[in-house]
Amino acid sequence: MQRCVAERVIEQMCPLTCPFNPFNPDAPKAFDAIVGKGLAAASRWLEKTVGPSEWARRFDAMDRRFAPERDLPLIAYETQWTILDLALSDRAFPRVKEVLEDKEERSLRNDARLVFEKLARSKALFVQVTDANPSLPYYTVRNVFEPGEEYLYVDFGDQEPLERGALMFGRFLVHENCLYVIPGVFVGTADVLGGAIDAILEFLDTEPDQVNEALQRALPEVWNLCTSIQDERDGVGELGGGEEAGMPPEDPCRASFYLDADKHNAIEALKRHPFFSEVDPMEFGFDPLGETIFDIHVLPVSSPPVQPLEGEEDLQEPIDEEAQVVRVGSVYVGPEKMTITAMNGVEMELLKGLILELVAVSDS
């Protein structure tokens, strides 16, 4: 087991069926522990290596390339990819490249190397589902700009089930011809395919055989194009489109649990954590029969706490009280049940992990 942890996938040829292989379609917990949480934990190493100021500068530059209402994890991981690409192509950050190429360098353990290797070789792809494979944890997808190029897209339950013809655009980890999504992937309907292709080709303004290469460096702009076309098709932002004018949309992700502790203890636990702010708190105590609501906020360049990578110290970053925080979800605490909402599936998993450490619950 120790050799497995120290060498899996990078040093060993691990079969895709192994329960400890994070890319095994039947092992979502292994993927989440090593890759899902690893992406966030590895970003702390990258930020420390390039320096907080440089990281913040590049994060801000990437943020401005995306349209509003985008996913913060998407911005963070695209910033990571950009830094890795600059380092490995000898254009900047020689220290990053030195550590990545020196396998004896102990500041970066195997799981972190695995995350960075896959992220550095990840692909920005526009794909369409050709076979939904009902009851199986993967979809067959084709590369829209290379129709003969097919992959299996492995779904670990981060989004709603996809139908045949569904579209996806984003950055994907690639392993043995399988795709694994990086947070923030665009999901669209088949009827916008033609318009999306035309808009992408017009924006990239390149030869057909160079489209895939051009996509790698234009993910924010192409993501904006895809989401705007889908939003127009869905009537998002128009009056009468199902949302009251001026009201924010309801969080799309939701999970409920039974409280195993009394409501008072649950509320006090959430109040003690800096990410949670009570909405319209009562002047004295709380309503034991009603619902107590907390909004969840994080700093733009941080995420809810994640488990450190194998061999990594758990870094506690101080919170800058003057920085503008961003809402990522809410918690509704009732007399017997607690409901968590989030902006997307990845943030939902992070929030569930955090909240379930604070409050004793069981599945509803």
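Scope of the values below: all heavy atoms of this structure, side chains included, with no hydrogens, waters or symmetry mates.
A search for side-chain hydrogen bond (donor to acceptor under 3.5 Å, both in side chains) contacts involving Glu213 returns nothing, not counting sequence neighbours. The ring-ring contact (aromatic ring centres under 6.0 Å, His included) test applied to Phe276 returns His273, not counting sequence neighbours.
Within the structure, side-chain hydrogen bond (donor to acceptor under 3.5 Å, both in side chains) pairs that include any residue of residues 187-205 comprise Thr189-Asp191, Thr189-Gln230, Asp191-Arg233 (at least two apart or interchain).
Not one N or O on the side chain of Arg164 forms a donor-acceptor pair closer than 3.5 Å with the backbone of Ala132. For the pair Asn224 (side chain) and Arg65 (backbone), a donor-acceptor distance under 3.5 Å is present. In this structure, Asn133 contributes its side chain and Tyr138 its backbone to a donor-acceptor pair below 3.5 Å. Remark: side-chain polar atoms of Gln216 are paired, donor with acceptor, to backbone N or O of Ala124 under 3.5 angstrom. Within the 3.5 Å criterion, the main-chain N or O of Thr140 finds a donor-acceptor partner in the side chain of Thr130. For Asp60 (side chain) and Ala56 (main-chain N/O), no donor-acceptor pair under 3.5 Å exists by modelled atom type. With hydrogens and angles ignored, the 3.5 Å screen pairs a side-chain donor or acceptor of Tyr139 with a backbone N or O of Leu162.
Phe66 and Trp223 have perpendicular rings, their planes meeting at more than 60° on a 0 to 90° scale where under 30° would count as parallel.
The one candidate from Glu150, Glu149, Gln128 that meets the side-chain hydrogen bond (donor to acceptor under 3.5 Å, both in side chains) condition with Arg142 is Gln128. If you run side-chain hydrogen bond (donor to acceptor under 3.5 Å, both in side chains) between Thr292 and each of Lys271, His264, Lys263, only Lys263 comes through.
When all heavy atoms of Phe169 and Leu219 are compared, the closest pair comes out as CE2-O, 3.7 Å. Closest of all the heavy-atom pairs between Ala266 and Val359 is CB-CG1, 3.8 Å. Scanning all heavy atoms of the two residues, the minimum distance from Val181 to Phe172 falls at CA-CD2, 3.9 Å.
The neighbour count for Glu268 CD, taken as heavy atoms of other residues, nucleotides or ligands under 6.0 Å away, is above 12.
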